[in-house]
Colleague: 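Just dropping this structure here.
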Amino acid sequence: DTDVTQTPKHLVMGMTNKKSLKCEQHMGHRAMYWYKQKAKKPPELMFVYSYEKLSINESVPSRFSPECPNSSLLNLHLHALQPEDSALYLCASSQVLGRAGELFFGEGSRLTVL
Amino acid sequence: SQQGEEDPQALSIQEGENATMNCSYKTSINNLQWYRQNSGRGLVHLILIRSNEREKHSGRLRVTLDTSKKSSSLLITASRAADTASYFCATPNGNKLVFGAGTILRVKS
């Protein structure tokens, strides 16, 4: 079990759909992350929020839109995705950004784009 | 871009044997972390070793760090079928944590 909760666990969407992935943590962490992971590859960083402000955007296409409504929640809004965007999307949190400490991961949202 | 490279890419052993995975990285670091990922699940933090430490233990895990060679190893002793997973080293790069390519470990019972 993990203290970072991601919903939904599985999502299938068409290229014209708009959907959102959600992430929640109640550990009081002030840094939250989105990673993308393709099969048999390591996780790749997409976005980092620190104290609810976007701190890092790894040149992610605009069809992915992150949002951090409060210190416990992190969303990833999806629109006009491509089949190659199919992947496991992992949310993580850490106490603060920049101390290179442990990341706590959710179980991920498996996204399939048709 | 990946900071760490791991070898072997895949490792298959019998239950009870030891498993050793290696990680090499490119830049100076203040710590190195190891994570485990069961198939299709999230990553779980295993251990963090700081740059001023040479060896660290946690249960059946032993991690070493050689900053002169920019390398680390993870040893799992007396492996169990439940240890079957992917193992990633991770190093900080500025404010980012960058993961190595990973080693897929299969423990046969």
Side-chain angles (χ1 to χ4, degrees), chain A residues 1-7 9-10 21 23 25 27 29-51 53-60 87-112, chain B residues 1-11 21 23-25 27-53 56 58 61 63 65 72 85-106:
Chain A
D1 283 352
T2 173
D3 293 321
V4 178
T5 303
Q6 289 189 243
T7 56
K9 291 192 186 329
H10 300 275
L21 305 180
C23 176
Q25 58 88 14
M27 295 177 283
H29 290 174
R30 304 314 300 266
M32 296 187 76
Y33 309 74
W34 280 115
Y35 281 85
K36 173 183 177 180
Q37 187 179 28
K38 303 283 273 185
K40 299 189 188 303
K41 296 291 187 182
E44 293 183 348
L45 184 64
M46 299 175 72
F47 303 104
V48 183
Y49 275 83
S50 177
Y51 289 88
K53 292 192 187 324
L54 184 62
S55 181
I56 297 175
N57 176 345
E58 290 287 88
S59 302
V60 178
L88 181 67
Y89 288 85
L90 294 161
C91 173
S93 69
S94 65
Q95 286 189 335
V96 290
L97 183 66
R99 291 188 190 166
E102 173 185 355
L103 294 189
F104 292 78
F105 281 85
E107 294 287 12
S109 292
R110 172 77 59 190
L111 173 67
T112 302
Chain B
S1 62
Q2 288 170 216
Q3 162 82 309
E5 298 295 333
E6 292 173 71
D7 78 272
Q9 289 186 336
L11 182 60
M21 289 158 266
C23 168
S24 60
Y25 56 92
T27 62
S28 295
I29 57 172
N30 56 22
N31 73 65
L32 184 143
Q33 303 177 38
W34 285 90
Y35 288 79
R36 184 188 76 231
Q37 184 179 32
N38 289 76
S39 180
R41 307 285 297 274
L43 280 76
V44 175
H45 182 265
L46 294 175
I47 198 165
L48 181 152
I49 185 166
R50 301 192 188 284
S51 58
N52 61 354
E53 298 175 306
K56 197 164 182 179
S58 176
L61 305 181
V63 169
L65 180 64
S72 174
S86 294
Y87 292 82
F88 296 94
C89 66
T91 50
N93 183 357
N95 284 334
K96 309 172 194 178
L97 193 64
V98 180
F99 290 86
T103 294
I104 300 172
L105 173 65
R106 181 185 171 208

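Letters A, B, ... are given to chains in the order of the sequence lines, protein chains preceding strands, and every chain is numbered from 1.
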Colleague: Check for a donor-acceptor pair, side chain of A:Glu107 on one end and backbone N or O of B:Arg41 on the other, with a separation under 3.5 Å.
Modeller: no

Colleague: Does any backbone or side-chain atom of A:Gln37 lie under 4.5 Å from a heavy atom of chain B? Answer side chain, backbone, both or neither.
Modeller: side chain

Colleague: For residues A:Pro42 and B:Phe99, report the shortest heavy-atom separation together with the two atoms involved.
Modeller: CB-CB, 4.0 Å

Colleague: Taking the side chain as everything from C-beta on, heavy atoms only, tell me whether A:Leu103 gets closer than 4.5 Å to B:Tyr35.
Modeller: yes

Colleague: Has B:Glu53 got more than 12 heavy atoms of other residues, nucleotides or ligands less than 6.0 Å from its CD?
Modeller: yes

Colleague: Is any side-chain heavy atom of A:Val48 closer than 4.5 Å to one of B:Asn95?
Modeller: no

Colleague: Please round to the nearest 0.5 Å and tell me the distance separating atom OH of A:Tyr35 and atom CG of B:Leu43.
Modeller: 9.0 Å

Colleague: Less than 4.5 Å to any heavy atom of chain A: does that hold for the side chain of B:Gln37, its backbone, both, or neither?
Modeller: side chain

Colleague: Which value, rounded to the nearest 0.5 Å, describes the distance between B:Asn31 atom CG and A:Glu102 atom CD?
Modeller: 11.0 Å

Colleague: Evaluate whether atom NZ of A:Lys40 has more than 12 neighbouring non-hydrogen atoms of other residues, nucleotides or ligands under 6.0 angstrom away.
Modeller: no

